[in-house]
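All residue numbers in this chain count up from 1 along the given sequence. Below, all heavy atoms of this structure are taken into account, side chains as well, without hydrogens, waters or symmetry copies. Ligands are counted one by one from 1 in listed order, and the atoms in each one are counted from 1 as well.
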Amino acid sequence: MALRLEPGTRLVVATHNPGKVKELAEILEGRFELVTAGELGLPEPDETETTFVGNALLKARHAAEASGLVALADDSGLSVTALDGAPGIHSARWAGPSKDFSLAMRKVEERLEEAGSEDVSAWFTSALAVAWPGGPAVVVEGRIDGTLVFPPRGDRGFGYDPIFVPEGMDQTFGELEPAVKDGMSHRARAFAKLKAALL
Ligand code: IMP
């Protein structure tokens, strides 16, 4: 059975991050009625899985069961080749409780120095999952490769953007026009796959 999302479907977005909801709303182009897990007062589950896909599915299933609505969830992060994929699913946690990404970026730089590797390649991953209450789920993954630069450059974007230069570019995600980043990012690539699968 092909899974389809009909226009106007009420979708719960399983994120408590207003920035992400805004980004999702823009990408979904007003096709759906979006409510957030925060607005519905749904608790946030612990992200106990070991992969981006696993955690996106876990969050979508949890929100679908708790709300009785179709749920959309994402999980994303930065993976560094020389660090065996770290910080990976721990990307948000490396910034500590105060969500300090200068700290997280310094940690990446220090770990790379400790590893003594010349390899500065890295990639961002975005997993997106849609789950139906009591029913099936669909999950897709998008990725963008690039290289890391230190010190961080640019104050656009968020998270690890200032140290990431995407393939084919000279500027970091923190320096590039947001529209350029949004057109090529891991999240855009995951959304293209999700649209192809569901719309
Ligand atoms: P999540 O909310 O558990 O998916 O955490 C993802 C973390 O990965 C965020 O806190 C960011 O630090 C990082 N991350 C994900 N996508 C991006 C991006 O596009 N730019 C910079 N950092 C990102």
**Asked** Under the side-chain hydrogen bond (donor to acceptor under 3.5 Å, both in side chains) test, which residues partner Trp123, sequence neighbours left out?
**Response** Thr125
**Fill in**
Numbered in order shown, the ligand 1 atoms found under 4.0 Å of a heavy atom of Ala92 are 5 (O), 7 (C), 10 (O)
**Message:** For Phe158 and Phe101, I'd like to know if the aromatic rings sit close, meaning centre-to-centre distance below 6.0 Å.
**Reply:** no
Could you go through residues 102-113 and list every donor-acceptor pair under 3.5 Å that involves a side-chain atom there, pairing it with any protein atom two or more places apart or in another chain?
unit_1 : atom_1 : unit_2 : atom_2 : d
Ser102 : OG     : Asp100 : OD1    : 3.0

**Request:** Examine distances only and state if a side-chain atom of Thr9 and a backbone atom of Leu5 form a donor-acceptor pair shorter than 3.5 Å.
**Result:** no
**Message:** Tell me the protein heavy atom at minimum distance from atom 20 (N) of ligand 1, and give that distance in Å.
**Reply:** Asp161 OD1, 2.6 Å
**Message:** Show me which atoms of ligand 1 lie under 4.0 Å from any heavy atom of Ser91.
**Reply:** 7 (C), 8 (O)
**Message:** For atom 23 (C) of ligand 1, what is the closest protein heavy atom, and at what distance to 0.1 Å?
**Reply:** Phe124 CE2, 3.5 Å
**Residues Lys59 and Asp75 bridged, charged N to O under 4.0 Å** = yes
**Residue selection (non-hydrogen contact nearest atom 17 (C) of ligand 1) among Phe52, Tyr160, Phe158** = Phe158
**Fill in**
Short version for Lys181: what comes under 4.0 Å of ligand 1, heavy atoms counted, is side chain
**Message:** Can you confirm whether the side chains of Ser121 and Thr81 place a donor and an acceptor under 3.5 Å from each other?
**Reply:** yes
**Request:** Considering heavy atoms of the protein only, find what lies nearest to atom 16 (N) of ligand 1 and give residue, atom and distance to 0.1 Å.
**Result:** Arg187 NH2, 2.7 Å
**Asked** Got a salt bridge between Arg187 and Asp182, using NZ or NE/NH1/NH2 to carboxylate O under 4.0 Å?
**Response** no
**Backbone or side-chain N or O of Asp75 under 3.5 Å from ligand 1 N or O** = yes
**Complete:** Looking only at protein heavy atoms, what sits closest to atom 12 (O) of ligand 1 is Phe101 CE2, 2.8 Å
**For atom 2 (O) of ligand 1, closest protein heavy-atom neighbour** = Lys20 NZ, 2.7 Å
**Asked** Can any side-chain N or O of Arg10 pair as donor or acceptor with the backbone N or O of Leu69 at less than 3.5 Å?
**Response** no
**Complete:** among protein heavy atoms, the one nearest atom 6 (C) of ligand 1 is Ser76 O, 3.0 Å
